[in-house]
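For the numbers below, each heavy atom of this structure counts, side chains included, while hydrogens, waters and symmetry mates do not.
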Amino acid sequence: MDMVLVLVLLPIIAALLLGLFPYQRLQYIISGATLALLSIVAFSLYTSLSDFTFHLPHNLNILIIVADVVLLLFFLYQGRKFNNIKVMVLAVAQLLLYGYIESIAPVAGRAEIVVDELSKFMFLIINGVGGVIVLYAVKYMEGESASPFKKRLFVGALLVFLSVMNLIVCANSILLFFFLFEMTTLASYLLIAFRGDEISRENALKALWMNQIGGVVILVGALIAIIGFDTVMFDTLLESSGGVLMLSVALLSMAALVKGASLPFEGWLLGAMVAPTPVSAMLHSATMVKIAPYLILKLSPVLAATMVGGIISLIGALVFVAASYLALSRSVFKEILGYSTVALLGLMMALAAIGTQESIAIAMVLMLFHALSKALLFLSAGVLEKQYHCKNIEEMKGMVNRAPKTVGFILFGFVSLTLPPFGLFMGKLFAITSVASLLNEHPAYLIVLLALIIGSALLVLLYFKVASALLSSASDVVQSETMPISAGFNIPLVVLSFFIVAGAVGYIMMQQNIFVILLAFPMLFVFALPSIIHSMERYDRTLPYQCGEKGSFDSALVYYEPSIKIQRAMYWGFGILFVAVALVGAMS
Amino acid sequence: MKKTIQIPLGSQHISLLEPIRFKFECENEKIIGVDADVGFVHRGVELACTRSFEFKQVGYVVARVCGLCAITHSLSYTLAVEKLLGYVANDRIKYLRMLMVELDRIHSHMLCLAHTAENAGFEALFMQIMGDRELIMDVQEAISGNRVQFDYISIGGVNRDLTPELVALTHKNLGLLSEKIDALIGLFDNNWSLSLKYKGVGVLSLEEAYTYNALGPLARAAGLATDVRAETSDFPYEALGYTMILESTGDIHARNFVRLREIVNSIAMCRNIIENLPIGEIQEKAKGKPNGEAVVRVEAPRGELFYLVRGSGQNMLDRVRIKTPTFSAIPAMMEVFKGAEYADAPAILASFDPCMSCTAK
Amino acid sequence: MKFFTPFRKKSPWVLHYNAGSCNGCDIEILAALGPKFDLERFGVINTGNPKQSDIFLVTGPVTYRSRERLVELYSQIPEPKVVVAVGSCTATGGVFRGMYNVEDGIDRYIPVDVYVPGCASSPQLIIDALVKGLEVLEAKSKEIEKPYKLFGAIETIANKLSRLNMATKVGQNEKD
Amino acid sequence: MIWVWIALAPILGGLVYGGERVLRARMQRRQGPPLLQPFYDMFKLLDKRTLIIHAPHALLALAHFAVLWFSIAAIFLGWNLLYIIFLHLFAQILLILAGYSVRSPYSHIGSNRELLMVVAYEPILILVAVGFYLVSGSFEIAEIVKGENYLLQIPLLFAALLIIVPIKVKKSPFDVGEAHQEIVGGIEVEYSGVFYEFLYMSRFLEYIFIYSFVYLFGGESHWLGAVLVFGVFLLVNLVDNATARVRPAHMLKIIYTVAVSLAVVNLLGILL
Amino acid sequence: MKKIETTLSTLLRDIGAFYIPKLWHFLSVNGIDLGEGKIELQWIFSAYGVKDEIVIYYVLSDYNTPVPSLVSLIPSAIMGEREIVDMFGLTVDGAESGLYLDEDSRTHPLRGES
Amino acid sequence: MLRSLLEAFLNLFRPIRTHRYPAEEIVLPSGYRGLIEYGIDACIFCDKCEKVCPPGAILFYQNEDGTKTYRYNPWLCIYCGECVRACPKPEEALWQSETKQLSALKEDGANEGWFVWEAACKQSREAYATVKKSAKIQNKSEE
Ligand code: SF4
Ligand code: SF4
Ligand code: SF4
Ligand code: SF4
Ligand code: SF4
Ligand code: SF4
Ligand code: SF4
Ligand code: SF4
């Protein structure tokens, strides 16, 4: 329990320290130390065996209620200020619902905080990855055009956010969960709007109203739970059965779909890409959006083998394909990453909702490695953006000559997302195996299986399309200048890569499967390549074949744009499916 | 952000026999813009015909403007000079000249069909047509003494006569060939992959054919009824069973079909020619020096070939103007590429049967 | 290595380039690839790609505009290589000899190993020439062969042999 | 013994390729090259001076070949089918990266098309694997070859596999990735000498790879497997000689409609 | 064959009045060097479906006067115009040089030595 | 497509069309336009063939004693046969055979050597012309 307190409070303390001492060096030290401490704590927590629970002090509960109301009023104010009806309506709806629920909420019977296996696992992700991102953010913000205070505020906010995340993954009370959920919404709202220009503002508002839908459905879910089972605790809810249970759970999972930016809500996540890169990394791929699969995982004991669970895995699987496909039409690097995040979150939710032991384990593995790889990719994207001022993949052609290290990291990120022996690959591989084994139970899993297969293929297409842009370089003998990239950028990347490799190794060890180990063998070629390159001096260098002509060749990548009609059909379809979750929940 | 790929095709490319350079501006693989450079083969034949060669030699030189329809070049030139000399060839000469031109048309059309098939990735069909084409090459070799450059026509007549053995050989090979062509027609019509590749691809509409002055099989595939054989009276084509072949869709398939059916028509004409060959001299003296200006149009395999010859009573001519079919077809060609897939570009290109060597002279 | 040299003869891959011919010889090359003469029985593949070719089949007398392309393609063919000039006009300029835009035979620019006569040359002659060319090919070394004209030096850049500038125009190198 | 086979895989593939070239020539009524032609080509390529664009490009071909061979080894050793498919995917990706890593138009388009091809055939291969799994209860090849009657139980999957065989062996109508007349060989366009050699030999390995899948349908009966392989080999070559190359988009469409639905129908049939 | 004389200034008008795309096939632009810096330019048409019907509009001009472009009327005239630009060194607006000749090759081969 | 499939299959059992050329001679049709051959005994040195040849594949070297030496370049010749038609004594002095010229190697100087010859022939004529002229002048002055 002390350790959990550390996880929650340390980031806040660190944030305060940062606010107090405006020294660059100190910022590094603080964030570095925080990272180290948090990771160690999270890891030791993870290895500790027992679950434990505790109550929040009563005063704190009151404080939370007050804070919640203030928060919602703030949303209302923002909606008023920027004249956004949707935000206002949703904020008012939440206020009313929240007020009503608090008035009828049963006195907590069980502990508000429950730290179980899942929470510990989430601590690992949040603190490991989040810490690195904070470290990176310090360097990143140096180049930002904002007042020094605002910069510190930014880093501080990221730290505070870490503690929010740490708390949310062990919240047992739905109301507490709701509060923290709204806090994360707030965080994305503020951080997306950080740059303060028109687009940021617009996208922030979009994120706000979409996420508030999540808030509303959570509240409705809680209301139903109170009415049906007289509880606001997850664990009690999950233990009960019959009645309106499925509806309540369905509503809660809908919140997950929103947070996970499943179609048709992917808009807010993509809009979020205007935020500074650490924000994208932290909120929109590595940690915050992981709430979505986390929530489904939490609910999975109930969801497993039900219609609701089925429909959620269907949505997840289809999102996996659709988002991968949509990503193919994009050319902004961060947007591509965003879409692929949406896709993979869909996959994770699908697997979590299937709810067999195996698929849950796979979903968790996917979560961990996705967080690591995506953070790596986002941070590298940030480097390219900061140092080379290119956001669009068309501008990144031949980047390998100009920024070999960063491109190396990006490629490594892609490799870790797609190829053996890395976690994501393994995850997908096992996912196919496990879904295939489920086929005998219900043929409908065939859809999930198909989506899985096709989606993976599309993602491969996507990543290597981008990789291609980075790699396309002219002949060896044509020199191009590189730019030194400061250690502040590189160290976080190295740390992440280390985590990925270590994770892969650890995972392989865990599997204790000889084949898996052998699978790692081909990777040797890739790592051996650079060393051989130096011995290639005796071969003649020549120019590419251009039909006998001279002159440089310029090409864009390939874009697969679905027609407007298909897109619209897609959105409608997903919208209907989204509503169907609630309907199915109500019916069963 | 620019999202186009520039794909070069040529000047050296496996799908091209000749140097022509295209630069396709593509979105994904869809062509949105074309840039062509057609002048690689420019040798300066027009000037040489008036500076370095005497008018009697020029016939052999202009044959080397293009190896595919060398015979039409020498024919047009010879006709033009004969007009200036006031000489009219006798019927036997006319018939023999027509025979060679039609044989040449058959082999050229078959080559085009083969090349289009090859560029569509249908190697077996390429081999089949090339194999069948050898029948006609044998006939040509036997009649003229060479497979490609016939050097058969000279001012005042033709260089060789058609012996009875040759008549027999021609008859036999034409008979074999016409069976093969029937089989080919069935194949082109029914093969599923060919219809994916050919039908509705590379469409030149009738409107475009008029605007861009399309000619030859290109125009006839679009439904534009133009054929120099029907628009001149130098040769008695109608008497020998000439019919104009028209299609309407203007795609690769239609062009292939125009060619196939023209081959059938040409075979029939060749048979008529050798069956009704008039008796007469094959070489008569055409006296004098060319003086004045004459224009001649001849239907080459790819469309109308135009010669304008001006002389002033000397051994050297004043001007030999050669306007070749492909030269005129290029604007239409560029139009057709737009909107097509790059994957179809080589096949479309081959279906135009372009001839850069005559375009650039 | 000595062991491998005999195999050069068995797998001649050709690159065809038309440097301004009248097509007559080109269609004969095409006919030679066709079923009647079937060059593939000698192992010939028409690669269309200089980098994988051994035999450079050139037709045409080299027009002014194609000469750089000719040299560029030639320099992209890895040694050992053989150049076959197909047709009278390729060998000597033929009927185009002396025309203003013509360079009188490709051996003004690149070393020709086999000269094939004929206008148009015929598949038989092409096969003969190929057989002859293969003998030449077998005897060749792997040393770099330079084109005659339009020749930028073979440089080493950063210790690597570079052929990037082999086909630039005479004098152009100094300019840029 | 098995290691000998693994070592001989390229040679075996080379023979298949050589046989195919002869067969193709005969189908076109030509004489065609000698049976050992691929090996002559190989030795010839070793004897050429090598030109490269840049070192990573050249080396990726080598890596591609090695990983591909590794995946063949995995097949012979009877590993998990899914691993093998992904290993193969990995090999393919190395190749695609190689194609992209040079600024050459044809290489780029070739890579694009190669990617599309991967997207097209990968799902089918996995579905076939799933089919084997459903029938035999395992993804391990060692287990799968102990089963029988695959042809009766998953005939449509076999048909689906048949449709993608031309993609892998680069035959009409699906030889879009190589497409000599369009993109001069695609990815391989910038290779020469020894490095081209690796690509040339990896084609041999591709033959082994895809025909092993066909062979698996024979189950425990080696004879049936061999007959199937031979039949498919003949059929693929016949089709190659009877079709033109379709566009990449058409290829995707055909695979995703015809082949995928065949596979799905078959799987559903087993399950219901 | 009918030859109609016109002038460069009236060319566009004349041909505009004469040319009907569905009746006339535009053959070519042609130049004939007459020596002493004079050139005869010809625009040649033939009729669709009529025997031996050729109409030639011609202009006697010199090398310095710019030639009007017919591209607005007849898109395919661009080829012929580019050709006379290269071969005779005339100026035709909208027609670039470089169809046949490189910058550094001999200029205007068909132009008579004067 | 089924037709094509069937055809391809049947082709396996049909005889191949390939002519095994170098191993088996190809019979050229009679009248094949092959090499130009020359019979020095019948030639009257009228130079008609040289004048009429389009590419200039026939050259006569003017010997100092007034006779001429015939030069013919088969790699320049386009085999049009015009020289034979121009020759006043075809079949004896100049005729077209039915054989093909074989390809030349570098050593044969197919192109390089001919440049030398062209120059030499031109020079020989000029030299001969000047000799003649001076001889004439001499003759005149002697008169
Ligand atoms: S056969 Fe091959 S080499 Fe010959 S022209 Fe055609 S593509 Fe070029
Ligand atoms: S004209 Fe065209 S189709 Fe015919 S041989 Fe030449 S390039 Fe090929
Ligand atoms: S287009 Fe011209 S050069 Fe080509 S075949 Fe026809 S007439 Fe001859
Ligand atoms: S015949 Fe074969 S080698 Fe020749 S171009 Fe066609 S595919 Fe290539
Ligand atoms: S040698 Fe004769 S036929 Fe061959 S390309 Fe030259 S001119 Fe044409
Ligand atoms: S196109 Fe491909 S399959 Fe055909 S011959 Fe060339 S390399 Fe072989
Ligand atoms: S055949 Fe023709 S080219 Fe040859 S020497 Fe006689 S005239 Fe000259
Ligand atoms: S034309 Fe005949 S006779 Fe006169 S020089 Fe020539 S070969 Fe001798």
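With a 4.5 Å cut-off on non-hydrogen atoms, D/Leu115 touches chain A through its backbone and its side chain both. At a 4.5 Å heavy-atom cutoff, A/Leu452 makes no contact with chain D through either its backbone or its side chain. Residue contact with chain A, scored on non-hydrogen atoms closer than 4.5 Å, involves the side chain of D/Leu89 exclusively. If you measure heavy-atom distances from D/Ile93 to chain A, the contacts under 4.5 Å come from the side chain alone.
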List the atom pairs, donor and acceptor, that lie under 3.5 Å between side-chain atoms in residues 121-132 of chain D and the rest of the protein, sequence neighbours left out.
unit_1: D/Tyr121; atom_1: OH; unit_2: D/Lys168; atom_2: NZ; d: 3.0

Show me the donor-acceptor pairs, under 3.5 Å and distance only, between side chains in residues 259-272 of chain D and residues at least two apart or in other chains.
unit_1: D/Ser261; atom_1: OG; unit_2: D/Thr257; atom_2: O; d: 2.2
unit_1: D/Ser261; atom_1: OG; unit_2: D/Val258; atom_2: O; d: 3.1
unit_1: D/Asn266; atom_1: OD1; unit_2: D/Leu156; atom_2: N; d: 2.8
unit_1: D/Asn266; atom_1: OD1; unit_2: D/Leu157; atom_2: N; d: 3.0
unit_1: D/Asn266; atom_1: ND2; unit_2: D/Gln153; atom_2: O; d: 3.2

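For the options D/Val118, D/Ile109, D/Leu134, D/Ile96, heavy-atom pairs under 4.5 Å to chain A are most numerous at D/Leu134.
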